[in-house]
Amino acid sequence: MAESKFNAPLIHARWVKFTRIVQPFMVFGATTYLVLFHNFGPQEHVFSPARRFFQSKVDWYVEPNSEEMAALEQIKSTKPVESSTVTSTNE
């Protein structure tokens, strides 16, 4: 008996493999967005403690500490060294 075109799978194996690989990343990304970035309004909600923790870690990583601030102030207070200008003459 000849194979019928109606016996073909509805979803190809390659697509199934792709979705099985990508699905965990999509779930992780959507969950991360909802927990850390989605706007639930100004009221306190279940993700507020996680957001405060995350923001404190970002602030710790991004903002300079007291030693770095002192070094920046010292750099600001010193005058920049003037570069010598080179003049070219057309001959």
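What you see is a predicted model, and the numbers here were worked out from it, not measured in a lab.
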> Under a single-linkage definition using a 4.5 Å side-chain heavy-atom cutoff for Ile, Leu, Val, Met, Phe, Trp and Tyr, are F37 and F53 assigned to the same hydrophobic cluster?
Replying inline: no

>> For V35 versus A50, what's the shortest heavy-atom pair and its separation?
In response: CG1-CB, 4.1 Å

> Can you list the residues that meet the salt bridge (charged side-chain N to carboxylate O under 4.0 Å, His left out) rule with E44, with sequence neighbours excluded?
Replying inline: R52

> Please, which pairs that meet salt bridge (charged side-chain N to carboxylate O under 4.0 Å, His left out) have at least one residue in residues 21-32, sequence neighbours excluded?
Replying inline: none

Exercise answer: donor-acceptor pairs, residues 15-30 side-chain atoms, under 3.5 Å, sequence neighbours excluded:
unit_1	atom_1	unit_2	atom_2	d
T19	OG1	W15	O	3.2
T19	OG1	V16	O	2.9

Identify every side-chain donor-acceptor pair in residues 60-73 under 3.5 Å, counting partners at least two apart or on other chains, and give the distances.
unit_1	atom_1	unit_2	atom_2	d
N65	OD1	E67	N	3.2
N65	OD1	E68	N	2.9
E68	OE1	N65	N	2.9

> Does H45 have any ring pair (Phe, Tyr, Trp, His ring centres under 6.0 Å) partners at least two apart in sequence or in another chain, and if so, which?
Replying inline: F40

>> Can you tell me how far apart OG1 (T78) and CD (Q74) are? Round to the nearest 0.5 Å.
In response: 7.0 Å

